[in-house]
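In what follows, chains are A, B, ... by sequence order, proteins preceding strands, each numbered from 1.
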Protein chains: 2
Amino acid sequence: MAKYHDIYEDLKGKIEEKEYGAGTYLPSENELMKLYDSSRDTVRKALNLLASSGYIQKEKRKGSLVLDVGLISFPVSGLTSFKELERSAYRYHSKTIVSSFEYGHPNARIQKKLNVGPESFVYEIKRIRKIDGEKIILDEDYINAKIIPGLDAQIASDSIYEYIENTLGLPIAFARKEITVVKASEEEKKLLDLEGYDLLVCVKSYNFLEDATLFCYTVSKHRPDKFRFVEFSRREK
Amino acid sequence: MAKYHDIYEDLKGKIEEKEYGAGTYLPSENELMKLYDSSRDTVRKALNLLASSGYIQKEKRKGSLVLDVGLISFPVSGLTSFKELERSAYRYHSKTIVSSFEYGHPNARIQKKLNVGPESFVYEIKRIRKIDGEKIILDEDYINAKIIPGLDAQIASDSIYEYIENTLGLPIAFARKEITVVKASEEEKKLLDLEGYDLLVCVKSYNFLEDATLFCYTVSKHRPDKFRFVEFSRREK
DNA sequence: AAGTGGTCTAGACCACCGA
DNA sequence: CGGTGGTCTAGACCACTTT
């Protein structure tokens, strides 16, 4: 099912494999209709997906221009989790260390962040991400245990997202993220290999399920020299 | 024209004005068809825009849930330029100082960034952004003069984007951005009020017109404590 | 059983570009 | 003038939720 999505994946693949090279035009919508034996609307849905993710630029009365799919490395974008990054093209020698795993009632700050009361239960997990032998990233996750039950340190050392999506079958849908720069605390200096840096790039993220439930608040702190965020954005209007 | 866009704007406004409150559902697609006297497809286009910009979450067989439109401040996202930020809700006492304005052939690095030859002409503009009396941001713009002619220091001190879009009538379409953290050079320490910080948040941006012409490469460096980037992202699949 | 959003189709008109 | 993408319409079937 979801024909338009199949067409999107197919075209995306062919652009990445240079079958449709940068600077050339895709077949017209009329031709794509025939190629994929589908209606124009369906083809256009696929093309819109390609445009919004930066693969093509649609030009009126000319066609769909294939863009140069440049470097796509270390995106915080698209809800990518650390575990997914490992699997990506940019493969690091990486390791996750669970430095603390707690379960209990949240303090006032976390109650507010997760929008829960003092009687609720929350997992508080701290993890250190090691890349090429250096402790680079510190992740703090605050997870609503009522929504995400059954976590343990073993799952945390693997991938919490995979557990949520595959084991629990809960669909992660969207996130609000904020990137700032903060001073490193003494504890953070001890936990990470900061090499003299006293600032950290701080990515705070509110993560939601498909039914718009806020299930997790994450604070991810990166050593400045190892942080990189890439974005493709279209201008409104 | 562009009915679906009008509907989008109307609904967006009503969500921002709390006419449709967070946590409630929008009228069903069927009702919206009648409300706006349009077809279902047109209504759905508007709803998709709302969803992709984070205003609603569509839930199958239930409806379009209105999300809590939180803080939207200082987004680098969406191609927002400094001049637009000024006009936004978060109004700063701000001022732009053109610290250097040059016109000539580009060096090898800029030739590569702008994808032009050594015989081409490029504007190289440095601007300091003052917010509340403090010099916080340093912008370097490298602009292809063949595409964007007629720039001068006066325009640079106002808004280059406005000049491109309104005076020249050229449509700015999309950008590729990269955020990293870099060490401040001695020159940058002199130009900005860094208050002891020796790192800067560096936003590099390749900016394109609607016909996918690369017209401008920008490097924008921010004092770490004044930098903030907010993003809404949907999970693929 | 009624209502919802997700998908797909077929056809239409427009504005504009290039031959 | 034919081809392009942009927009809009009307109708259809599906899977599922709610009543």
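Heavy atoms only, all atoms of each residue included: B:Glu124 and B:Pro106 are closest at OE2-CA, 4.2 Å. Heavy atoms only, all atoms of each residue included: B:Gly63 and B:Tyr25 are closest at C-CD2, 3.6 Å.
The ring-ring contact (aromatic ring centres under 6.0 Å, His included) with B:Tyr206 is formed by just one residue from the set B:Phe174, B:Tyr142, B:Tyr217; it is B:Tyr217. None of A:Arg129, A:Lys126, A:Lys221 except one satisfies the salt bridge (Lys or Arg N to Asp or Glu O under 4.0 Å) rule with A:Asp139; the exception is A:Arg129.
Annotation: proximity of residues 23-42 of chain B to DNA chain D (heavy atom, distance under 4.0 Å) is found for B:Asp37, B:Ser38, B:Ser39, B:Arg40, B:Asp41, B:Thr42, numbered in ascending order.
Comparing D:dT7, C:dT7, D:dT9 by their closest approach to the side chain of A:Arg44 singles out D:dT7.
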(request) Output, in order, the C-alpha distance, side-chain angles, deciding distance and verdict of ring pair (Phe, Tyr, Trp, His ring centres under 6.0 Å) for B:Phe215 and B:Phe208. (result) CA-CA 6 Å; B:Phe215 70 96; B:Phe208 296 82; 8.1 Å; no

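Note on the helix from C:dA1-D:dT18 to C:dG18-D:dC1: angle between the axes of the first and last five pairs equals 10°, rounded to 10 degrees.
B:Lys12 and B:Glu9 are joined by a salt bridge, as a carboxylate oxygen and a charged side-chain nitrogen come within less than 4.0 angstrom of each other.
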Polar atoms only, N or O, under 3.5 Å: list the protein pairs with nucleotides 16-19 of chain D and their distances.
residue : atom : partner : partner atom : Å
D:dC16  : O4'  : B:Arg61 : NE           : 3.4

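Distances shorter than 4.0 Å separate some side-chain N or O of A:Tyr4 from OP1 or OP2 on C:dT7. For D:dT9, one of the phosphate oxygens OP1 or OP2 lies less than 4.0 angstrom from a side-chain nitrogen or oxygen of B:Lys3.
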